[in-house]
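Encoded as structure tokens, the structure appears first; notes follow it.
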Amino acid sequence: MSIHTNDVKRVTTHVLQEMKMRNEKISMLTGYDYSMAKIIDSAGIDIILVGDSASNVMAGHETTLPITLDQMIYHACSVIRAVERALVVVDMPFGSYQGNSKEALSSAIRIMKESGAHAVKMEGGKEILESTNRILSAGIPVMGHLGLTPQSIYKFGTYVVRAKEKDEAKQLIEDAKLLEEAGCFAIVLEKIPSSLATKVAQEVKIPIIGIGAGNGVDGQVLVVHDMLGITHDFSPRFLRRYHNLYEEMKGAFENYIKDVKSLNFPNEKEQY
Ligand code: KIV
């Protein structure tokens, strides 16, 4: 009898590999704080990514570049305190792993030791292979991230779909294979043609998680603020909004303000 992932007490990298083998799709969402992570985990998500998109949705920066290692560890600690079942993966922030593999390892060790997270994620292929190998050699599971890699936004210049041209697509497939050979347990593919993402998912044995990469991959990830409609000025084609929390929350705040101003809150029953 095969074990369905709903029966799993803790999602591990091994569980994810088994899910790919039996063609069970992997669900992943970002999470940055205790309260939200508790709700996401209790809903039964497989992976929570403490994404460096915290730089955008939590801190209000235009890019993911400014967030620091200390700030990522702070978010990771909050998420870890909430999570009972999901695998928690933490983004290595810009500047914490690119230049020097020794520094990359010490950044990854800080994340694992100080937050209790289960794995780290890094953007890039062969250019970060030395860092990837070094981190993996310390027994730290690594998730790769190829395609649109927001930490390189100033190199790309825009957030448009990546790897549409033959050369870039070929490089992406090579990079995915390099990451697999190195020992990464999964790879995120962001904003690339779905035919290319499907090809990668077929050609590598590790799980491929897509965002804007179609449905031929092994799982999907979204930024939680985007899928809940808390952000409302960001509408890429790949995004499905499951709620319009921006409007709902704004309405609740407006009602509260009205009640306070009109002395409708607190009422007789809401005081001592
Ligand atoms: O930081 C993030 O939220 C991410 C996802 C978009 C995959 O890397």
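For the pair Ile111/Leu69, a side-chain contact is recorded, criterion being any heavy-atom separation below 4.5 Å from C-beta on. Looking at heavy atoms from C-beta onward, Pro193 lies in side-chain contact with Val161 at the 4.5 angstrom threshold. No side-chain heavy atom of Glu62 sits less than 4.5 Å from a side-chain heavy atom of Ile153. With a 4.5 Å cut-off on side-chain heavy atoms, Leu189 and Leu172 count as touching. In this structure, Ile135 and Met122 have side chains that are in contact, with non-hydrogen atoms separated by less than 4.5 Å.
The shortest heavy-atom contact between Lys205 and Lys20 is O-CD, 3.3 Å. Across all their heavy atoms, Leu222 and Arg240 have their closest contact at CD1-O, 4.1 Å. Ala117 and Val90 get closest at one heavy-atom pair: CB-CG2, 3.4 Å. Scanning both residues, Ile26 and Pro207, for their nearest heavy atoms gives CD1-CB, 3.6 Å. Nearest heavy atom pair, residue Val79 against residue Asp33, reads CG2-N, 3.8 Å. Here the closest heavy-atom approach between residue Ala37 and residue Ile48 is recorded as O-CD1, 3.9 Å.
No hydrogens or angles considered: a donor-acceptor pair under 3.5 Å links the side chains of Thr231 and Asp226.
Counting non-hydrogen atoms of neighbouring residues, nucleotides and ligands closer than 6.0 angstrom, the CD atom of Gln271 exceeds 12 such neighbours. A 6.0 Å sphere centred on OH of Tyr159 holds more than 12 heavy atoms belonging to other residues, nucleotides or ligands. Atom NZ of Lys199 has 12 or fewer heavy atoms from other residues, nucleotides or ligands within 6.0 Å. Annotation for Asn267: atom CG counts as buried by contact number, over 12 foreign heavy atoms lying within 6.0 Å. More than 12 heavy atoms of other shown residues, nucleotides or ligands fall within 6.0 angstrom of atom CZ in Phe156.
Residues Ile40 and Val8 are members of one and the same hydrophobic cluster, defined by side-chain heavy-atom contacts under 4.5 angstrom among Ile, Leu, Val, Met, Phe, Trp and Tyr. Residues Leu65 and Met58 do not share a hydrophobic cluster, clusters being chains of Ile/Leu/Val/Met/Phe/Trp/Tyr side chains in contact below 4.5 Å. Taking hydrophobic clusters as Ile, Leu, Val, Met, Phe, Trp and Tyr residues chained together by side-chain heavy-atom distances below 4.5 Å, Met143 does not share a cluster with Ile173. Tracing side-chain contacts under 4.5 Å through hydrophobic residues (I, L, V, M, F, W, Y), one never reaches Ile39 starting from Val83; they form parts of separate clusters. Linking Ile, Leu, Val, Met, Phe, Trp and Tyr whenever their side-chain heavy atoms come within less than 4.5 Å leaves Leu179 and Leu87 in two separate clusters.
With sequence neighbours left out, Ala119 forms a side-chain contact (heavy atoms from CB on, under 4.5 Å) with Val89, Pro141, Phe185.
Taking CG of Asp52 as the start and CD of Gln71 as the end, the distance is 11.5 Å to the nearest 0.5 Å. One distance of note links CE of Met72 with OG of Ser107; it measures 11.5 Å at 0.5 Å rounding. The CD atom of Glu270 sits 5.5 Å away from atom CZ of Phe265, with the distance rounded to the nearest 0.5 Å. With rounding to the nearest 0.5 Å, the separation of CG in Asn133 from SG in Cys184 is 8.5 Å. Taken to the nearest 0.5 Å, the CE atom of Met28 stands 6.0 Å off from the CD1 atom of Ile209. Considering CD1 of Ile206 and CD1 of Ile187, their distance stands at 4.0 Å, rounded to 0.5 Å.
Looking at Lys177, its side chain never comes within 3.5 Å of a backbone N or O of Glu203 through a donor-acceptor pair. Put simply, the side chain of Ser53 never gets that close to the backbone of Asn56: no donor and acceptor are under 3.5 Å apart. Between the side chain of Asp41 and the main chain of Arg85, a donor-acceptor pair closer than 3.5 Å is present. Looking at Ser27, its side chain never comes within 3.5 Å of a backbone N or O of Ile45 through a donor-acceptor pair. With hydrogens and angles disregarded, a donor-acceptor distance shorter than 3.5 Å links the side chain of Thr30 to the backbone of Val224. In terms of modelled atom types and a separation under 3.5 Å, the side chain of Asp259 and the main chain of Asn264 share no donor-acceptor contact. At distances below 3.5 Å, at least one donor-acceptor pair connects side-chain atoms of Arg10 with backbone N or O atoms of Ala86. Panel note: side chain Glu180, backbone Leu178; no donor-acceptor pair is recorded below 3.5 Å. A donor-acceptor contact shorter than 3.5 Å is absent between the side chain of Ser115 and the backbone of Ala76. Between the side chain of Thr12 and the backbone N or O of Val15, at least one donor-acceptor pair lies under 3.5 Å.
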TODO: Please report the C-alpha distance between Tyr32 and Val223 in whole Å, then the side-chain angles of each, then the deciding distance to 0.1 Å, and finally whether the side-chain contact (heavy atoms from CB on, under 4.5 Å) criterion is met.
DONE: CA-CA 10 Å; Tyr32 319 99; Val223 170; 3.5 Å; yes
- [ ] Check step by step if salt bridge (charged side-chain N to carboxylate O under 4.0 Å, His left out) holds for Asp70 and Arg110.
- [x] CA-CA 9 Å; Asp70 284 338; Arg110 275 201 62 202; 2.6 Å; yes
Open item on the list: Assess the residue pair Asp175 and Lys126 against the criterion (salt bridge (charged side-chain N to carboxylate O under 4.0 Å, His left out)); give the C-alpha distance rounded to whole Å, side-chain angles, the decisive distance to 0.1 Å, and a yes or no.
Closed with: CA-CA 6 Å; Asp175 281 341; Lys126 75 167 187 292; 5.5 Å; no
Open item on the list: Does Arg162 form a salt bridge (charged side-chain N to carboxylate O under 4.0 Å, His left out) with Glu168? I'd like the steps, not just the answer.
Closed with: CA-CA 8 Å; Arg162 305 299 312 172; Glu168 200 183 336; 3.1 Å; yes
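Partner of Glu123 under the side-chain contact (heavy atoms from CB on, under 4.5 Å) criterion, out of His145, Met92, Gln98: His145 alone. With Lys121 as the partner, the side-chain contact (heavy atoms from CB on, under 4.5 Å) test is satisfied by one option alone out of Val188, Val142, Val50: Val188. Partner of Tyr97 under the side-chain hydrogen bond (donor to acceptor under 3.5 Å, both in side chains) criterion, chosen from Gln151, Glu103, Arg134, Glu130: Gln151.
Residues Phe234 and His225 keep their aromatic ring centres 6.0 Å or farther apart.
Using a 4.0 Å cut-off between a side-chain N of Lys or Arg and a carboxylate O of Asp or Glu, Lys170 and Glu174 qualify as a salt bridge.
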